[in-house]
Amino acid sequence: MRKQSKWKLRILIVATSGALLFTGPSALANSLNDLKNEKKQLEQKKDSIHSNIKETESKIDQNGSKIDQIMAQIKALDTEIIETEKKVSTVLNEIKLTTNDIEKLHASIAELERKIEERDELLKERIRAVQVSGGSVSYLDVLLGANSFIDFIDRFSAVSTLMEADRTILKEQADDKKQLEEQKVSLEKKLNEQEERKNNLSNLKASLDKQKDSKGNLIDQLEVEQAKLHTQKQDLETEYDDILELSEDVQNKIIAEQKRIAEVARKAAEEKKRKAAEERKRQQAASGSSVAVPDVSPGSWTRPASGRLTSGYGGRIHPIYGSEKVHYGIDIANSIGTPVVSTADGVVSYASPLSTYGNAIMVTHSIDGQIYTSLYAHLSSIKVTVGQVVSKGQIIGAIGTTGNSTGPHVHFEIHIGTWEGMAKNSVNPLRYISL
């Protein structure tokens, strides 16, 4: 009976999704009677499941407080991680500046050593000249050996010039040697400072890795707590997934039929964008302020929008269907028109309405050799096109309430690899972004 029920539910999903997506009159006519019968059965099934869900809500409430505590710890670690990444960036800049200073000191020391060596050779030549003359040279003997007054004046001028040259050479040699010693001391100090900065950088990186590991452990705990709830309602979730989840065949049809429905989707998106813009202007006029673009975080990833986290990743009571269902992303709530940005550098791979997602955008990223896909849903407007290259923090859309939505927010997913449906390859976005 359970397998037959699942099979009937899948038939209903395919028939209903095909009618909604492709609006084929013949398909609607052929399946209308079957749909009425299946819908009646589904309503009875939903009522039964809903009564069972009510029996386990008290257990969910008990676990809710523990999940809130873990989320608070995750937010605190996010703050520490951002601060540590800023310190790493500062130390790297200091190391770069000190490296430049060290290179300049090496060049200056080399030049001073060259000058000192040249003067040493000159002084050695003077000493050798004295030795060849047979002893010390007496400037007085040179003057007294003059043959005439004019010769005396010439000799006096020459002696004065030689004595001044000797004094200049000796003074320059002494000054350069003093400067050489000072620069060697400065170089040694710079090298020690550089070593300290490198040690500090190593410690900061180790601290950053430890913080990220701690965050990962907390998210593991969070997912364990959420898995407990999921286990308690496993059978109920399975039946609801059979009712609500798009079949793989319909997902393939969405991809195949994108070009054919592009014009209809474009007109619908423009109308929704126009209405969202009017609503945004109305709200901005009422509040007297404009919506805020979120600050761009250091590292590879940043948050998709400013606002309040209203729903996390994992099991939750669906706000529309009133039943337990796996939530494959996170929800950030804010006013309609709040900018939504790309969370990392990438290329837009989808930008159109998508079933219950409403207006949706997918961006494909390549980070450290790994492919990721980020998804942004329920948007009021789409500001990019397929194939467009976008940067981390670049505005790609705006928060809205299109599709299955109870209020303005952005539903955000991260998938490892390409997007093949909400349930495949999805990961908790909090592993990558900081709130």
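- A search for side chain to side chain contact (heavy atoms under 4.5 Å, CB included) contacts involving K392 returns V296, T302, D345, not counting sequence neighbours.
- Judged purely by atom type and a 3.5 angstrom limit, T338 has no side-chain atom pairing as donor or acceptor with the backbone of N334.
- Residue Q388 holds its CD atom at 9.5 Å from CD1 of I396, rounded to the nearest 0.5 Å.
- A pairwise comparison of heavy atoms in P408 and I336 identifies CB-CG1, 3.6 Å as the closest pair.
- Remark: the backbone N or O of E413 is not paired with any side-chain donor or acceptor of H415 at under 3.5 angstrom.
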Next on the checklist: One pair to check against side-chain hydrogen bond (donor to acceptor under 3.5 Å, both in side chains): Y376 and S374. What are the steps and the verdict?
Outcome noted: CA-CA 7 Å; Y376 317 77; S374 59; 2.8 Å; yes
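- Taking the side chain as every heavy atom from C-beta outward, V390 and V347 never approach each other to under 4.5 Å.
- Looking at D78 and R303, no side-chain N of the basic residue comes within less than 4.0 Å of a carboxylate O on the acidic one, giving no salt bridge.
- Residue Q194 holds its CD atom at 9.5 Å from CG of L97, rounded to the nearest 0.5 Å.
- Salt bridge absent: E188 and K184 never bring a charged side-chain N and a carboxylate O closer than 4.0 Å.
- When atom types are taken as modelled, the side chain of K215 and the backbone of I81 share no donor-acceptor pair closer than 3.5 angstrom.
- Judged by distance alone, the side chain of S202 and the main-chain N or O of K198 form no donor-acceptor pair under 3.5 Å.
- Judged by distance alone, with hydrogens and angles left aside, the side-chain atoms of H378 form a donor-acceptor pair with the main-chain N or O of T402 at under 3.5 Å.
- Distance CG/D213 to CD/Q211: 10.0 Å, rounded to 0.5 Å.
- In this structure, the side chain to side chain contact (heavy atoms under 4.5 Å, CB included) partners of K178, at least two apart in sequence or on a different chain, are E182.
- Counting heavy-atom neighbours within 6.0 Å of R114 CZ, excluding the residue itself, gives a total above 12.
- Contact between S352 and I382 at its shortest, heavy atoms only, is N-CD1, 3.7 Å.
- Distance check, rounded to the nearest 0.5 Å: NZ of K205 to CG of D209 gives 9.0 Å.
- The closest donor-acceptor contact from the side chain of Q394 to the backbone of S391 lies under 3.5 Å.
- The closest donor-acceptor contact from the side chain of S207 to the backbone of N203 lies at 3.5 Å or more, if one exists at all.
- Of the candidates Y313, W419, Y328, Y313 is the only one forming a side chain to side chain donor-acceptor pair (under 3.5 Å) with S426.
- A side-chain donor-acceptor contact under 3.5 Å links S342 to the backbone of A344.
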Next on the checklist: Pair T310, I332 - check side chain to side chain contact (heavy atoms under 4.5 Å, CB included), show working.
Outcome noted: CA-CA 6 Å; T310 56; I332 297 176; over 6 Å; no
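- In this structure, Y372 has its ring center closer than 6.0 angstrom to the ring center of W301.
- Across every non-hydrogen atom of Q370 and G417, the tightest pair is NE2-N, 4.2 Å.
- The structure places CG of L105 at 4.5 Å from OG of S186, a figure rounded to the nearest 0.5 Å.
- Put simply, the side chain of N199 gets close to the backbone of E195: a donor and an acceptor are under 3.5 Å apart.
- For the pair T364 and T418, the minimum side-chain heavy-atom distance is 4.5 Å or more.
- Atom CG of D101 is separated from atom CD of E193 by 9.0 Å, given to the nearest 0.5 angstrom.
- When every heavy atom of M362 is checked against every heavy atom of L354, the shortest pair comes out as CE-CD2, 3.7 Å.
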